[in-house]
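See structure below.
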Amino acid sequence: MPRQQALRIPLLAAAAALTLVAIYMALLFAPSAEPALGGDVQRIMYLHVASAWVSYVAFAVTFVASISYLRTRDLRWDAYALSSAEIGVLFCTLAITTGPIWAKATWGVYWRWADLKLTMTLVLWLVFIAYLALRANSPDKRRGASLGAVFSSVGMLCVPFSFAANIVWQQYHPPALVFSEGGLEPSMGAALAVAVIAFTVLYVFLMLARVGIERARDELEDLKQKAGDHSG
Amino acid sequence: MADLVFLYVAYTIVWAGVFLYCMYLALRLRGIEREISTLREAIDVRGK
């Protein structure tokens, strides 16, 4: 059994265990925030921040893998790029879904277009949705991989803005308390750290599974060619 | 109480989303593996 396949079950078990611990810590271990900060609704933060973190990591992996493909023309890099982009879109979707739910509960509105962080995160999501649409509709795999590399480079430009906007230009989105003086209460910080670790392990598991699909598709294409040679 | 509804909705969306994506990957992989198996059998039969 290839090494990646052998790792899947232990990774899934680790992701499941860490996820359960993260849910416990987020909902029961960490204290409620002050009413002014949303009270119990603030517990959405643990999922929202962890989802956003994984989306940034995933898009960064897509960018690095895309550049590696352009340098080497090895389609294995493209498999990593495409897989990571798909997972990144999933987690970015979760981040921009949970954020407005939290915002509605605390600000009274779902979205504020004037906030740079929110707008750049939406742009980032749209760029990678376009990336996936491009890849799904490319008749030629190599051409799709090259064009996709351009898209992922554009998308990568949005990541630093999306990440740092509320650190550099504090507008409506809550500040990144982990970087602020005083920071998060220790138990909240611990719950957040566990959530981030759990989601990261989940990302690694999903990557292995998704790359496995790309490998299986390549094997299927090879077999189809072989079957065509036999009948020809 | 209204706040807790927001909390439950957010947690449901996240875990349902992750679960559905895992199911999508599993089904997709199973479909491809089935095609591979069928094609391999066809090639073996033709080879004989």
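Taking each heavy atom of B/Leu29 and A/Gly212 in turn, the nearest pair found is CD1-O, 4.3 Å.
In this structure, B/Phe6 has its ring center no closer than 6.0 Å to that of A/Trp107.
Chosen from A/Ile87, A/Thr106, A/Thr98, A/Leu223, the residue pairing most often with chain B at heavy-atom distances under 4.5 Å is A/Leu223.
Within the 4.5 angstrom heavy-atom criterion, only side-chain atoms of B/Leu39, from C-beta onward, approach chain A. A/Leu90 touches chain B through its side chain: at least one heavy atom from C-beta onward sits under 4.5 Å away, while N, CA, C and O do not. Using a 4.5 Å cut-off between heavy atoms, A/Leu202 touches chain B through its side chain atoms alone.
For the ring pair (Phe, Tyr, Trp, His ring centres under 6.0 Å) test, residues two or more places apart in sequence or in another chain that qualify with B/Tyr21 are B/Tyr24. For A/Lys224, the salt bridge (charged side-chain N to carboxylate O under 4.0 Å, His left out) test picks out B/Glu35, with sequence neighbours left out.
Inter-residue side-chain proximity for A/Ile101 and B/Ile13 is flagged as met; some heavy-atom pair is nearer than 4.5 Å. A/Thr97 has its side chain out of reach of B/Val14: every pair of non-hydrogen atoms, C-beta onward, lies at least 4.5 Å apart. Under the 4.5 Å side-chain criterion, counting only non-hydrogen atoms from C-beta, B/Leu7 is in contact with A/Leu27. In this structure, B/Ile36 and A/Arg217 have side chains that are not in contact, with every pair of non-hydrogen atoms separated by 4.5 Å or more.
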Could you walk me through whether A/Arg210 and B/Arg28 pass the side-chain contact (heavy atoms from CB on, under 4.5 Å) test, one step at a time?
CA-CA 10 Å; A/Arg210 185 60 184 82; B/Arg28 209 170 151 199; 3.5 Å; yes
Go through A/Glu86 and B/Leu25 one step at a time and tell me if the side-chain contact (heavy atoms from CB on, under 4.5 Å) criterion holds.
CA-CA 11 Å; A/Glu86 192 173 284; B/Leu25 291 181; 4.2 Å; yes
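The CZ atom of B/Arg34 sits 13.5 Å away from atom CG of A/Leu220, with the distance rounded to the nearest 0.5 Å. The CD1 atom of A/Ile213 sits 9.0 Å away from the CD atom of B/Glu33 when rounded to the nearest 0.5 Å. A distance of 9.5 Å separates CG of B/Leu4 from CZ of A/Arg43, quoted to the nearest 0.5 Å. How far SG of B/Cys22 is from CG of A/Leu12: 7.5 Å, rounded to the nearest 0.5 Å.
Enclosure of atom CG in A/Leu28 by more than 12 non-hydrogen atoms of other residues, nucleotides or ligands within 6.0 angstrom is indicated.
Under the 3.5 Å distance criterion, the side-chain polar atoms of B/Tyr11 are left unmatched by any main-chain donor or acceptor of A/Leu47.
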